[in-house]
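Following: one structure in structure tokens, then a few remarks.
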Amino acid sequence: MSRTRVYEWHKRFTSDRLSTVDDPRSGRPRSARTGKMPAGVAQEFRRDRRQSIDDVATLLGISHGSVHPFSTMI
């Protein structure tokens with residue numbers, strides 16, 4: 001653990017804070033994944049199971065990383 005983090009926690013606990021959980025932040029979430037499979041990905045893999053992840057990503061106009069987690073679910 002870094003010295004900076006220790007000082008930050010010390011400051012929080014001396015001001016009567018009881019939890020180490022960070023406060024909620026505004027803005028975009030770190031991950032946009034919702035856990036639901038996009039319908040187009042499932043449809044493309046069912047249409048032709050021999051397609052590569054890159055083929056499906058290019059066809060649908062989304063990134064390789066967006067398709068990959070769902071490729072094993074079919």
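When reading the values below, keep in mind they use all heavy atoms of this one structure, side chains included, and skip hydrogens, waters and symmetry mates.
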Practice item. Please check if atom NE2 in His64 has more than 12 non-hydrogen atoms from other residues, nucleotides or ligands closer than 6.0 Å. Key: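 Result for NE2/His64: enclosed.
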Exercise for review: Could you tell me whether Arg3 atom CZ has more than 12 heavy atoms of other residues or ligands within 6.0 Å of it?
Suggested key: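 Check fails, neighbour count at 12 or below.
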Point to revise | Glu8 and Arg5: CA distance, side-chain angles, deciding distance, salt bridge (charged side-chain N to carboxylate O under 4.0 Å, His left out) verdict | key: CA-CA 5 Å; Glu8 182 181 311; Arg5 180 67 60 192; 3.2 Å; yes
Review point. So, do Val41 and Ile62 sit near enough that their side-chain heavy atoms are less than 4.5 Å apart?
Key: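 Answer yes - side chains close enough.
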Point to revise | Test item: Thr14 side-chain N/O and His10 main-chain N/O as donor-acceptor pair under 3.5 Å | key: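 Flag set: sc Thr14 to bb His10 pair under 3.5 Å.
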**Study point:** Atom pair CG (Leu60) and CD (Gln43), whose distance is rounded to the nearest 0.5 Å
**Key:**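 Leu60 CG to Gln43 CD: 9.0 Å, rounded to 0.5 Å.
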Review point. CG of Asp54 to OG of Ser63: how many Å apart, nearest 0.5 Å?
Key: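 Separation between the atoms: 10.0 Å.
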Exercise for review: Write down the atom of Gln51, the atom of Glu44, and the distance for their closest heavy-atom approach.
Suggested key: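 Heavy atoms only, the tightest pair is NE2-O, 2.7 Å.
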Review point. Is there a chain of hydrophobic side chains (I, L, V, M, F, W, Y, each step under 4.5 Å between heavy atoms) that links Tyr7 to Phe13?
Key: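 No: no chain of side-chain contacts under 4.5 Å links Tyr7 to Phe13.
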